[in-house]
Amino acid sequence: MTAILETRGLDKHFGGLHVTNGVDFSVGDGEVHCLIGPNGAGKSTFFRLLIGEYTPEGGQVLYRGEDITALKPFERVRRGLSVKFQVPGIFPGLTVAHNLEIALQHHLEGASLSSEIRRLLDFLNLKEAAGERAGTLSHGQKQWLEIGMAISLKPRLLLLDEPTAGMSPAETFATGEMVQALNRDGVAILAIEHDMAFVRQIAQRVTVLHVGRIFAQGSTDEIVANEAVAAIYLGETEAPRRKQDA
Amino acid sequence: MRRLLRRLEGPQTLGRGPAFWAAFAIVLALAIAYPSFADGYTVGNTAYFFCWVFMALGLCLIWGYGGALSFGQTAFFGLSGYAYGVLTLNVGAAYGFTIAAVVLAVALAAGFAALLGYFLFFGRIGGVFLGIITLSVTLALERFMAQTAGPDWRIGAARLNGYNGMSGMPPLTVPWFDGDIVLFPDVALYYGLLGLLVVTYLGLRILVNARFGNVLVAIRENPERAEMLGYDVRRYQLGAFVIGSALAGLSGTLYTAWGQYITPSSMGLTAAALPVIWVAVGGRSDVTATLVGTLAVLGGFQALTIYGSQYALVVMGLLLVVVVLAAPEGLVVALMRGIARLTRKAAAR
Ligand SMILES: Nc1ncnc2c1ncn2[C@@H]1O[C@H](COP(=O)(O)OP(=O)(O)O)[C@@H](O)[C@H]1O
Ligand SMILES: [Mg+2]
């Protein structure tokens, strides 16, 4: 499989903390890839390096063969990367529909813009909330809205940082189906997840990150069966787990 | 053209539908009729109020819509005012040059804003630092102009005159077939400014409801998300800053032409604080609220000045505190939202 995204020797420190330690990593074109690892492993930092929010001290980020290490985030987004961060990033004072409009106005206007907003509201289960301020949504709904904005850009590679946090098992499953639907349309997906049921549902490949390094890589079954991986989660509150039905 | 007109209403502006535009038409008709039942002095005084509104609208765009509090609107006001003085004192008012001087002076303010804004926004300076730097710029300009008293401080025929300021520049003069029309600060200037104000107000409504305005409020709400949607945040901030500062420059030239007079104190601390108060009291997040609020506060301020300007300033400060505590979105915004709720309820019944 050709890689849509690749990192070579990516490095980042916070003070004395080596948060990203010479990471060589790749996501295949059209692949659904999950990134797991204990809290503080450096997963979110790695995402911010990929999108350009942080500048690495060493190494490169390549997107479809092009070195994008020096590009600004908005330039990477325009090339087809799109991201949903761990903390939902929405426009809290604007209505839900207006949030989507701002994402969609890049490539749509007039009647087709309005109809796409309606379609997305329906798809995201946010039809009733269309006129509400986005800041008043529940955490799970904010996640959906941000995912909606991220996919509005028609990305080729979608980065999702803990997309199902705050969602019920049913909502988590629906998110998984949405990810699979996007993937069938040819979108590659890299998702940071703790919920192993979700990982099993979507992932074609899993990478474990631990203290800034790639610790293991393989299929979901291989990773779940890996005792060394289980060991690094010991004493962690964020161990791979299933959401419990309440 | 039809598309532009549709942008007169939208999510970024209060007031929509036939009721709002009927009210707008009535207010405009009253404003047009006003000089026929008011004396020349009062009309000229109202024109004086109009001069300031452009600066408030500019700050509304930069701060209310873009979320960047510029404390330096008066820097562009003063720069343009002085530029108008220097240009017209040297060239005179013939052949409509005063109009050209307004355009040149505003362009100068816009150019200076582009330069300053480039360093601010492309240097990712935001929040309180933006306020501090813009305030420093206006205070530095005030200090600089205040020490230009000597006879050496002249540009061509124009003496800068230090703290006393520059005076004697010609008023706005429109060339006409059978002789120039001089817009003295009475009925003629009133109509000129009213027209300019209506055009600016409607133009801003279109701008903030267009794609540009959508991105601007997105940046105000969450700049990181705006960037992650593929927008170059810095360009939009710079664009808003240049337009808003140019409007401050327009106020400066009009004020100078109105009173044929400009001093360094127009760039001082008190002057710099006033636009922030006007915009905050009316409601910074809406152009209509800013327009109405600014005129109301200016009128109230002048009425209070009869008892002494220091008291008027204290009352302004108190008013700001009360608004920030009681109606942080601004008095006019709160009022307009209230009216909208009432009419919706009445319609539902
Ligand atoms: N901006 C920052 N400044 C300093 N330290 C940070 C910053 N962001 C993250 N860290 C630290 O880097 C480590 C990795 O954080 P993060 O990438 O958020 O991990 P994860 O997403 O895997 O939980 C943590 O120890 C965290 O405290
Ligand atoms: Mg994280």
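Convention: sequence-line order gives letters A, B, ...; per-chain numbering from 1.
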A.B. asks: Does any backbone or side-chain atom of Arg6(B) lie under 4.5 Å from a heavy atom of chain A? Answer side chain, backbone, both or neither.
C.D. replies: neither
A.B. asks: Rounded to the nearest 0.5 Å, how far does CZ of Arg225(B) lie from CD1 of Ile102(A)?
C.D. replies: 11.5 Å
A.B. asks: Against chain A, work out which of Ala226(B), Pro11(B), Ala218(B), Ser285(B) has the most heavy-atom pairs shorter than 4.5 Å and name it.
C.D. replies: Ala218(B)
A.B. asks: Taking CZ in Phe14(A) as the centre, count heavy atoms belonging to other residues, nucleotides or ligands within less than 6.0 Å. Is the count above 12?
C.D. replies: yes
A.B. asks: Checking heavy atoms, do the side chain of Glu101(A), its backbone, both or neither come under 4.5 Å from chain B?
C.D. replies: side chain
A.B. asks: Quick one: what part of Glu227(B) sits under 4.5 Å from any heavy atom of chain A, side chain, backbone, both or neither?
C.D. replies: both
A.B. asks: Got a sec: does the CZ of Arg133(A) have more than 12 other heavy atoms crowding it under 6.0 Å?
C.D. replies: no
A.B. asks: For chain A, find which of Val215(B), Val233(B), Asn222(B), Leu229(B) contributes the most heavy-atom pairs closer than 4.5 angstrom.
C.D. replies: Leu229(B)
A.B. asks: Are side-chain heavy atoms of Met149(A) and Met228(B) found at a separation under 4.5 Å?
C.D. replies: no
A.B. asks: Taking side chain as everything from C-beta outward and backbone as N, CA, C, O, which of these in His106(A) sits under 4.5 Å from a heavy atom of chain B? Side chain, backbone, both or neither.
C.D. replies: both
A.B. asks: Under a 4.5 Å heavy-atom cut-off, does chain B meet the side chain of Ile90(A), its backbone, both or neither?
C.D. replies: backbone
A.B. asks: Looking at Phe122(B), I'd like to know if its CZ atom is crowded, meaning that more than 12 non-hydrogen atoms belonging to other residues, nucleotides or ligands lie closer than 6.0 Å.
C.D. replies: yes
A.B. asks: Locate the shortest heavy-atom distance separating Phe74(A) from Tyr231(B); write the atom from each residue and the value.
C.D. replies: CB-O, 3.5 Å
A.B. asks: Arg235(B) versus chain A, heavy atoms under 4.5 Å apart: side chain, backbone, both or neither?
C.D. replies: neither
A.B. asks: Examine whether an atom of Ile51(A) lies under 4.5 Å from a heavy atom of chain B, and if so say whether it belongs to the side chain, the backbone or both; otherwise answer neither.
C.D. replies: side chain
A.B. asks: Which bit of Leu153(A) is near chain B, if near means a heavy-atom gap under 4.5 Å: side chain, backbone, both or neither?
C.D. replies: side chain
A.B. asks: Could you tell me whether the side chain of Glu221(B) reaches within less than 4.5 Å of the side chain of Pro92(A), counting heavy atoms only?
C.D. replies: yes
A.B. asks: What's the spacing between Phe91(A) CZ and Arg220(B) CZ if we round to 0.5 Å?
C.D. replies: 11.0 Å
